[in-house]
Amino acid sequence: MNLGWAELVAGIALLALAIYAVTGGADFGAGIWDRLAAGPRKQDQRDVIEKAIAPIWETNHVWLIFVVVLLFSAFPNAFATIGIALYAPLSLVLLGIVLRGAGFVFRQYGHGSVADRQRWGRTFGGASVLTPFFLGTALAAISSGSIRVDAADRVRTSVSAWLGWFPVTVGVFVMTAFGFVAAVYLCIEANDKPELQDDFRRRALVSGLVLGALSFAVRFTAEFANPVFARRLFGWQGTALMLQTGVAAVALATLFAVFRRRYRIARGLAVLQVVTIVAGWGYAQYPYVIAPDLLLATTAAPVATLRLIALGVGVGAILLIPSLIWMFRVFKTP
Amino acid sequence: MDAFSDPALIARAQMALSLSFHIVFASVGIAMPVLMVIAEARWLRTGDKTDLDLAHRWAKGTAVLFAIGAVSGTVLSFELGLLFPGFMRLAGPIIGFPFSLEGFAFFIEAIFLGIYLYGWNRITPKQHLFSGIMVALSGLASAVFVTFVNAWMNAPRGFTFADGKLLNIDPLGAFQTPFAFHEIVHGSLAAYAATGLAVAGIHAWALLLGRAPHFHQRALSIALWVALPACLLQPLVGHLAGQRIAEHQPAKLAALEQLQHTQTRAPLTVGPFEIPGALSVMAFNDPDARVQGLDAFAPADRPPSLVRPAFLIMVSIGTLLALFAAGMAWRHFRRRPPWGDRRILWATVLMSPLGFVALQTGWIVTEVGRQPWVVYGVLRTADMATPSPGLGIRLGIFALIYLVLAATVVAVLRRHIRATFTPNLPEGRA
Ligand code: HDD
Ligand code: HEM
Ligand code: HEM
């Protein structure tokens, strides 16, 4: 690997994506559990969810915007290509983002009738289920090898790039992963109500097991969609093997911690698990932004831009990190 | 090709729809924190619970508007790629830097707004006020950064153009666009003027109905203090904007005035009157200056004539609001509060939507007046639009969603405002 400015900025974007998955992603996951709330403590489940995400979801959401901005600043050709090839799933993602956010605040602040609140609640929950799915299909499409770009920057692709077996499986995987992380977090949020906590513990265990099963399905379908990518992600040697064993070990440890009701440990492990998965995806993508035509190195913006962005991120982080720490301290310490 | 099958036109329509939707919430996000912070700072100084109550209620309304601003902004950042991939492919490396800085402003804004809205009982009053100030500052910062982008699109700098590509990109040089100063100042003042007037109108209405006078008088006073100074300054900055256009975008100026022929001593048309040489003075400080007319540009390079009515509406409103602000200042120095006279309250109610009307028409002037260029003189809008199919359907769906959102926001705010109108609102406490 010949690491340069392009790799640095891509690494920052990947890190932002990973943080988005464990923060903003978990907010979507919480929305899924809102939609699926059931049993005698249905309303309590929804109350915990609302209380947990209300103060922080907008901040968490900015990570996604940040990824988008980095992508179009540093890899404009890839951004343009994605905009053309994946306009359908991304429009659905946008629709979901709008409806999720609107549904959530309107339910919370609507001063409306019970029926009104329920309608916006359903919108919030429904959009929380669909958005991660389409986000997942779009991410998989980028890895699927079926978005082609010719020398004149013309984009060729087909619907199956994001609506085939592989992207759909990844869509379900992403949805489940967000739900799983959210369930683990919610075990902590509900810590003053043991029965409620057990509701979320059950959800964490079930979704964790489903996630495990899905990872095999992803592996299987990836093999057919893009063997090169599949080998880099799931191969039996080197970094791929290390990453796989790492994810598997962390996943088992997370489940075990949930099972033993060690929720704080489980939270840390779940974060580690998701971050490793995203890192693995980034590793398997390398050296492409969009395989097989757009290489990271050749589609990056000029070095002047990349350097400035990296500098900007460094300076911005000085302001951002203490602010983030303060926010989580204010809202997430018991 | 008719209008409904021209992809560039549909893409522009969707961009315009999304931006005009977003800018309302963005402006509220810039100005409301200032109102809340003033109320809260007053409470910290005087201990008057009315101020605290006010900050609370304004914060609740802002929470809803901010969330809609955030989702509509997200739509925009994706749409840049979904609608104008060609533009982003070429311009991304140069406008990406201000957008990245804007990203940090969003972070700070969202973090401290969360703390502000949900932290009342978790932090000290001073920390709380500090959070409010951070929200106000970062809201302004996001406007500054994104307006840099727009200024660059109007007067691009920091690259050379050859073979249809932007070369020798210098992202810092791009900041030297001569449109930045007036757009940033005029655009931010517009946010304070429009939002302040809208809020003032609501509280003036409550006073006309005789509801909770102490509470609404305080609210009206703060809102006017934010709005009116901005209204006074707007025509001055607007005039500066006009001069910059005269210098750098002569086609836009010709379209704004619908000046057909290039001439010296160009006249200014005000209603039925024509003042000889006035346009030359306004544009170049010289009655004998030569002003280019539409005939100086090929028909394909002339902006749509829609900009003329938009410009007239903005300028008329700007003049009216400045006169109103001057009148109120005069009353203020004679120590007559606005609520002393029902006619003033009525005037405030009637003027409350005008700020937003001027703001929207002003953006039409800037954006439509830039046409047919997306980056002035460099890239044509029509060449940059997406080749994707199904644009019309998507536009329809988004239009529908914006309609539902707008209707719901209005309904929610109405209920929220009506709650503050209840006559039994305890005077002077939360
Ligand atoms: C409350 C809102 C408001 C008010 C009262 C005015 N304007 Fe304005 N105007 C805007 C809100 C606005 C804006 C925020 O919509 C724009 C769009 C881009 C910008 O920088 O500000 C704008 C743009 C804009 C432009 C185009 C700038 C460009 O293309 O770069 C000109 C020439 C003027 N204005 C002139 C005026 C004059 C002469 C005014 C008063 C008599 C006036 N404006 C009042
Ligand atoms: C928020 C205030 C803004 C409003 C209300 C606004 C309004 C508009 C309108 C009405 C159009 C359509 C013009 C036409 O098709 O004739 C347009 C086009 C466009 N604007 Fe703006 N604009 C705003 C700010 C910005 C900013 C900050 C950017 C920065 C990226 C921007 C980028 C564009 C682009 C890419 C188009 C499409 C191409 C074009 O038609 O020129 N706009 N906008
Ligand atoms: C192409 C143009 C634009 C894009 C891509 C864009 C993007 C965004 C995004 C992604 C957000 C959400 C941030 C969050 O979650 O906190 C946002 C919010 C915001 N935007 Fe824009 N924006 C554009 C135009 C503008 C303009 C022209 C202004 C002001 C002059 C503006 C001012 C703001 C402000 C103050 C917010 C804070 C949220 C709020 O108050 O509702 N934006 N924008």
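All chains are named by letter (A, B, ...) in the order of the sequence lines, taking the proteins before the strands, and each is independently numbered beginning at 1.
- For a residue to count as touching a neighbouring chain, one of its non-hydrogen atoms must lie under 4.5 Å from one of that chain's; by this rule Ile401(B) touches chain A with the side chain only.
- Taking each heavy atom of Val69(A) and Gly96(B) in turn, the nearest pair found is CG1-O, 4.3 Å.
- Residues from residues 118-127 of chain B that place a non-hydrogen atom less than 4.5 Å from a non-hydrogen atom of chain A comprise Tyr118(B), Gly119(B), Arg122(B), Ile123(B), Gln127(B), given in numerical order.
- The candidate with the highest count of non-hydrogen atom pairs below 4.5 Å against chain B, out of Met327(A), Arg154(A), Arg100(A), is Met327(A).
- In this structure, the portion of Ile397(B) lying under 4.5 Å from any heavy atom of chain A is its side chain and not its backbone.
- For the options Ala304(A), Gly101(A), Ala88(A), Ser91(A), heavy-atom pairs under 4.5 Å to chain B are most numerous at Ser91(A).
- No side-chain heavy atom of Val71(B) sits less than 4.5 Å from a side-chain heavy atom of Glu58(A).
- Under the 6.0 Å cut-off for aromatic ring centres, Phe66(A) and Phe106(B) do not qualify, their centroids lying 6.0 Å or more apart.
- Both the backbone and the side chain of Val98(A) have a heavy atom closer than 4.5 Å to some heavy atom of chain B.
- A distance of 6.0 Å separates CZ in Phe78(B) from CG in Leu90(A), rounded to the nearest 0.5 Å.
- Counting all heavy atoms, side chain and backbone alike, Val62(A) lies closest to Gly103(B) at CG1-O, 3.9 Å.
- Contact tally against chain A (heavy-atom pairs below 4.5 Å) for Pro93(B), Gly81(B), Pro85(B), Ala91(B): the top residue is Pro93(B).
- The structure places CD1 of Ile309(A) at 4.5 Å from OG of Ser100(B), a figure rounded to the nearest 0.5 Å.
- If you measure heavy-atom distances from Leu405(B) to chain A, the contacts under 4.5 Å come from both the backbone and the side chain.
- Between chain B and the options Leu95(A), Thr81(A), Leu99(A), Thr299(A), the largest number of non-hydrogen pairs under 4.5 Å is found for Leu95(A).
- Expressed to the nearest 0.5 Å, how far CG of Leu80(B) lies from CZ of Phe72(A) amounts to 5.5 Å.
- Note that OG of Ser72(B) and CG of Leu94(A) are 11.0 Å apart. Values are rounded to the nearest 0.5 Å.
- When the candidates Leu90(B), Asp170(B), Val64(B), Ile108(B) are compared by the number of heavy-atom contacts under 4.5 Å with chain A, Ile108(B) comes out ahead.
- Residue with the most contacts toward chain A among Ile115(B), Leu83(B), Ile169(B): Ile115(B) (heavy-atom pairs, distance under 4.5 Å).
- The candidate with the highest count of non-hydrogen atom pairs below 4.5 Å against chain A, out of Asn168(B), Leu117(B), Leu172(B), is Leu172(B).
- A heavy-atom distance below 4.5 Å is found between the side chains of Ser323(A) and Phe112(B).
- Per-residue counts of heavy-atom pairs under 4.5 Å with chain A were compared for Val409(B), Leu413(B), Leu101(B); the largest is that of Val409(B).
- Atom CZ of Phe79(A) is separated from atom CE of Met88(B) by 5.5 Å, given to the nearest 0.5 angstrom.
- Counting heavy-atom pairs closer than 4.5 Å to chain B, the top-ranked of the candidates Leu71(A), Leu319(A), Asp153(A), Ile82(A) is Asp153(A).
- A 4.5 Å side-chain heavy-atom check between Trp326(A) and Ile111(B) finds every atom pair outside the cut-off.
- Atom NE2 in His416(B) sits 10.0 Å away from atom OH in Tyr109(A) (nearest 0.5 Å).
- In terms of non-hydrogen atom pairs under 4.5 Å with chain B, the most contact-rich of Val105(A), Leu64(A), Ile84(A) is Ile84(A).
- Using a 4.5 Å cut-off between heavy atoms, Tyr116(B) makes no contact with chain A at all.
- Between chain B and the residues Ala301(A), Pro302(A), Ser73(A), Ala78(A), the most heavy-atom pairs under 4.5 angstrom are made by Ser73(A).
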